[in-house]
**Student:** 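One structure, as structure tokens, below. Some questions next.
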2 protein chains.
Amino acid sequence: MNITPLLNSISKYVSLTDKEIEYLESKVFIRKYLKGQYVVQQGDVCKYECYVLSGCTKTFYVDQEGQEHIIMFSIEDWWTSDMGSFISQTPADFNVQCLENSELIMISHDVVDDLYREIPKLERFFRKIVERAFVASQKRIVRNFSLTAKEQYLYFREQYPLIEQRIPQYMIASYLGITKEFLSKIKSQLILEQ
Amino acid sequence: MNITPLLNSISKYVSLTDKEIEYLESKVFIRKYLKGQYVVQQGDVCKYECYVLSGCTKTFYVDQEGQEHIIMFSIEDWWTSDMGSFISQTPADFNVQCLENSELIMISHDVVDDLYREIPKLERFFRKIVERAFVASQKRIVRNFSLTAKEQYLYFREQYPLIEQRIPQYMIASYLGITKEFLSKIKSQLILEQ
DNA sequence: AAATGATATTAAACTAGATTAACATCATCG
DNA sequence: CGATGATGTTAATCTAGTTTAATATCATTT
């Protein structure tokens with residue numbers, strides 16, 4: 001089992017001993033998903049926090065009218081799950097679905113407490129990861145407030161050029177909170193402008 | 001110094017020994033602010049994470065056009081700061097201003113590392129606090145996507161009845177991301193409906 | 001190469017919410 | 001008391017983005 005990318009990611013925040021690494025390896029596992037498969041389904045309890053080794057997922061929400069709203073994409077070296085469901089073990093609000101064949105490192109809710117007890121440094125690691133996620137989420141709220149759809153699209157394109165290339169445009173529209181038709185209009189406007 | 005409300009809040013997640021409580025008390029301090037005073041100013045580095053003992057703050061952002069957008073309100077037993085600025089000690093994106101005379105427990109960036117080292121349980125406490133904040137932030141993004149302005153207002157009123165009473169309507173409009181005129185229209189519609 | 005399904009574009013009609021501006025109410029304070 | 005500033009309302013006009021629907025492109029499979 002090769003969890004090296006996760007270990008590298010952890011080592012940016014805390015340094016684990018060989019023994020701790022061994023313990024961590026013994027408690028997590030890798031799971032392969034095919035394109036289209038669900039990691040989490042709305043309504044189920046989310047049992048895992050997942051680190052993306054390869055591939056790509058979308059986290060989305062289906063509203064009462066049946067409309068799909070994409071909350072985030074996760075690619076290599078990102079985390080994915082429904083944290084609300086995971087931390088309180090209640091039914092998930094979100095779906096997580098693979099957009100490509102993907103390999104995820106799965107941390108089960110059954111073992112997180114063991115992990116935190118045996119490797120207190122992981123508590124620090126995850127605190128910092130979540131702090132960053134929270135800050136990013138707040139910044140997104142600010143963007144929703146103060147940018148036009150065009151500005152938000154330009155921001156997305158600049159920040160996540162790698163993601164834009166891997167994902168169909170109608171999903172980017174959903175992520176930006178606009179219709180695919182309007183994103184198409186924005187893109188043709190941008191072409192005329194330059 | 002009476003930090004009892006903070007200790008009660010901590011005790012919901014982890015239990016501290018008397019010695020740990022003493023250490024915590026020695027590292028934090030209480031500061032009083034008058035209505036209108038700023039706890040954090042956009043552009044400054046945010047030095048403190050603040051627990052609200054009494055009073056009320058708004059966290060807001062002034063965009064390029066000079067428009068104010070309220071990100072959150074904090075009342076008793078909530079935390080406030082610009083976390084992005086605090087964790088990376090870079091200039092703050094947000095302002096935090098007191099809407100009432102307020103008393104805050106201040107945790108300086110200079111002491112957080114000491115606190116985490118001496119009281120590892122605090123690392124767990126803050127991890128859980130931030131996890132919840134992140135989940136709440138994500139849910140707000142969902143609401144922005146899938147609810148109309150009226151629905152968002154009704155949700156706010158239901159979730160934060162205490163806050164609504166303490167805060168002028170135009171600030172609630174700003175928090176909801178709509179104009180004060182439109183909120184006024186929504187309210188008169190609601191009166192007609194019932 | 002034809003067929004199928006998924007993705008993208010275009011354009012017309014429509015609407016939620018913004019903007020502007022005038023006016024109303026309320027609180028506080030000299 | 002009247003005046004001042006802050007807060008809230010109403011209504012007309014405007015616009016960013018939606019809806020609907022038709023068409024186009026592209027990829028995959030047979």
**Student:** Between C/dG17, C/dT9, D/dG8, spot the one nearest the side chain of B/Tyr170, thanks.
**Tutor:**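 In terms of side-chain proximity for B/Tyr170, the closest of C/dG17, C/dT9, D/dG8 is D/dG8.
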**Student:** With A/Gln42 as reference, evaluate A/Asp82, A/Asn95, A/Asp93 under the side-chain hydrogen bond (donor to acceptor under 3.5 Å, both in side chains) test and give the passing residue.
**Tutor:**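 That would be A/Asn95; it is the only one of A/Asp82, A/Asn95, A/Asp93 passing the side-chain hydrogen bond (donor to acceptor under 3.5 Å, both in side chains) with A/Gln42.
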**Student:** Can you classify the ring geometry of A/His109 versus A/Phe86 as parallel (below 30°), tilted (30 to 60°) or perpendicular (above 60°)?
**Tutor:**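 It falls in the perpendicular class, over 60°.
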**Student:** D/dT9, C/dT19, D/dT18: which one has an atom nearest the side-chain heavy atoms of B/Gln169?
**Tutor:**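 In terms of side-chain proximity for B/Gln169, the closest of D/dT9, C/dT19, D/dT18 is D/dT9.
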**Student:** Write down the distance between NZ (A/Lys35) and P (D/dT28), rounded to a whole number of angstrom.
**Tutor:**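 Checked: the NZ to P distance equals 8 Å.
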**Student:** Expressed in angstrom and rounded to an integer, what is the separation of A/Lys180 atom NZ from D/dC26 atom P?
**Tutor:**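 Checked: the NZ to P distance equals 18 Å.
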**Student:** Does the pair A/Glu181/A/Lys185 count as a salt bridge with the N-to-O cut at 4.0 Å?
**Tutor:**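 No, this pair does not count.
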**Student:** May I ask you to evaluate whether B/Thr148 reaches the phosphate of C/dA16, defined as a side-chain N or O under 4.0 Å from OP1 or OP2?
**Tutor:**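 For C/dA16, OP1/OP2 do not have a side-chain N/O of B/Thr148 under 4.0 Å.
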**Student:** Out of C/dT7, C/dT19, D/dT9, which has the shortest distance to the side chain of A/Pro168?
**Tutor:**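 Side chain of A/Pro168 sits closest to C/dT7.
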**Student:** Looking at C/dG17, C/dT7, D/dT19, which one has an atom nearest to any side-chain atom of B/Ile178?
**Tutor:**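 Within the option list, the nearest is C/dG17.
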**Student:** Looking at B/Thr179, I'd like to know whether one of its side-chain N or O atoms comes within less than 4.0 Å of OP1 or OP2 on C/dA18.
**Tutor:**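 So the side-chain polar atoms of B/Thr179 do come within 4.0 Å of the phosphate oxygens OP1 or OP2 of C/dA18, strictly under.
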**Student:** Would you kindly give the NZ-to-P distance between B/Lys187 and D/dT7, to the nearest whole Å?
**Tutor:**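 Rounding to the nearest Å, NZ of B/Lys187 and P of D/dT7 are 14 Å apart.
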**Student:** Run through A/Ile3, A/Leu24, A/Ile119 and flag the one making a side-chain contact (heavy atoms from CB on, under 4.5 Å) with A/Ile10.
**Tutor:**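 Going through the options one by one, the only one that passes is A/Leu24.
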**Student:** Rounding to an integer number of Å, can you tell me how far A/Gln67 CD sits from D/dG17 C1'?
**Tutor:**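 Those two atoms, CD and C1', are 13 Å apart.
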**Student:** Is a donor on one side and an acceptor on the other found under 3.5 Å between the side chain of A/Ser174 and the backbone of A/Ile70?
**Tutor:**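 Flag set: sc A/Ser174 to bb A/Ile70 pair under 3.5 Å.
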**Student:** Once you round it to whole Å, what is the distance between P of C/dA8 and CE of A/Met171?
**Tutor:**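 Rounded to the whole Å, the gap is 9 Å.
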**Student:** Heavy atoms from C-beta onward define the side chain here; which of C/dG17, C/dT9, D/dG17 lies closest to that of B/Phe182?
**Tutor:**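 Of the candidates, C/dG17 comes closest.
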**Student:** A/Glu65 CD to D/dT18 C1': how many Å, rounded?
**Tutor:**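 Value for this atom pair: 13 Å.
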**Student:** Taking NZ from A/Lys185 and P from C/dA12, how many angstroms apart are they, rounded to a whole number?
**Tutor:**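 Roughly 10 Å, once rounded to whole Å.
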**Student:** Just the rounded figure in Å: distance from P of C/dT9 to CG of A/Leu192.
**Tutor:**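 Atom CG in A/Leu192 sits about 13 Å away from atom P in C/dT9.
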**Student:** Which nucleotide sits closest to the side chain of A/Glu181: C/dA8, D/dT20, D/dT9?
**Tutor:**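 Of all the options, the side chain of A/Glu181 is nearest to D/dT20.
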